[in-house]
Amino acid sequence: QPALVVIDPALLATLPAADFRAGLAEVVKAAVIGDPDLFERLETGRLDLPWLIRQAVAVKVAVVEADPYEQGQRAVLNLGHTFAHAFEVLSNYLLRHGEAVAMGMVVAARLAADLGRCSPEVARRIVTLLDRLGLPTTGPGYDPEAVWTAMTSDKKKRGSRIRFVLPLAIGQVDVFDDIPRQAVLAVLESLAG
């Protein structure tokens, strides 16, 4: 395991705006996974970059320390990624990773709300925050069946089951491998953009 993580916020400030925004998707992901205070800070627009980075890294460190050998709960770090990886494949890797993750989080949040795993308010807050940060909140327009097919080849699936990380509340997610295919396709269709 790493002994030290070094991140230079000044270097991040040199990124093109679109790349910086794409990086914020991972900060939002960390907040949804395990830090409601970070999420609220993002909602209020207080973007103190060093603080945001520390908090996002702290979420990841806590998850990795609790499951250093990827035996189970570490999978929560894949929030939005099941869909994002499919979107990236279908875009021929033209989508920025953070843009794909943002769209993936929107699908995961809407799916969780549709299935009663989280309140519609939780999904609304996630979508609103991503939109406020300038990240995409509609799907990339791919055929839902093509997205499903791309997800079935994802390396993170368990056996023949696709694993989805869904928000239960801001700061709490869980992993599910029993999500009905039709529910996934319906959400993808509704967000086709």
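What you are looking at is a predicted structure, and each value in this text was computed from that prediction instead of being measured.
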Which residues satisfy the side chain to side chain contact (heavy atoms under 4.5 Å, CB included) test with [X], sequence neighbours excluded?
X: A186; value: none
X: D48; value: R41, P50, W51
X: L47; value: L42, L52, L133

Do you know the tightest heavy-atom contact between [X] and [Y]?
X: F20; Y: L12; result: CD1-O, 3.9 Å
X: P9; Y: I53; result: CG-CD1, 4.1 Å
X: V59; Y: A30; result: CG1-O, 3.5 Å
X: T152; Y: T149; result: OG1-O, 2.6 Å
X: C118; Y: A123; result: SG-N, 4.3 Å
X: I33; Y: V173; result: CA-CG1, 4.0 Å

Can you tell if the side chain of [X] reaches within under 4.5 Å of the side chain of [Y], non-hydrogen atoms only?
X: T82; Y: R163; value: no
X: L79; Y: P167; value: yes
X: V184; Y: I179; value: yes
X: L191; Y: T137; value: no
X: I126; Y: I170; value: yes
X: D174; Y: V165; value: no

If a pair satisfies salt bridge (Lys or Arg N to Asp or Glu O under 4.0 Å) and one of its residues is in [range], list it, with sequence neighbours excluded.
range: residues 16-40; answer: D19-R96, E26-K29
range: residues 58-67; answer: none
range: residues 49-59; answer: none
range: residues 120-148; answer: E43-R125, E121-R124, E145-R181

Only distances under 3.5 Å count here; give the side-chain donor-acceptor pairs of residues 102-115 to other protein atoms, sequence neighbours excluded, each with its distance to 0.1 Å.
none

Kindly list each side-chain donor-acceptor pair under 3.5 angstrom involving residues 87-95, sequence neighbours excluded, with atom names and distances?
| residue | atom | partner | partner atom | Å |
| --- | --- | --- | --- | --- |
| E88 | OE2 | H97 | ND1 | 2.7 |
| S91 | OG | F87 | O | 3.4 |
| S91 | OG | E88 | O | 3.0 |
| S91 | OG | Y93 | N | 3.2 |
| S91 | OG | L94 | N | 3.1 |
| S91 | OG | L95 | N | 3.2 |

Can you name the residues that form a side chain to side chain donor-acceptor pair (under 3.5 Å) with T44, not counting sequence neighbours?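 Result, side chain to side chain donor-acceptor pair (under 3.5 Å) vs T44: R46.
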
Can you check whether L166's main-chain N or O pairs, donor with acceptor, with R117's side chain at less than 3.5 Å?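 No; zero donor-acceptor contacts below 3.5 Å.
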
With sequence neighbours excluded, give me every ring-ring contact (aromatic ring centres under 6.0 Å, His included) pair touching residues 160-181.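 Sorted pair list: F83-F164.
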
Out of curiosity, does V57 fall in the hydrophobic cluster containing L11 (side-chain heavy atoms, cut-off under 4.5 Å, transitive links)?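 The answer is no; the residues belong to distinct hydrophobic clusters.
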
Could you go step by step and tell me if I162 and D177 meet the side-chain contact (heavy atoms from CB on, under 4.5 Å) rule? CA-CA 6 Å; I162 301 173; D177 65 1; over 6 Å; no

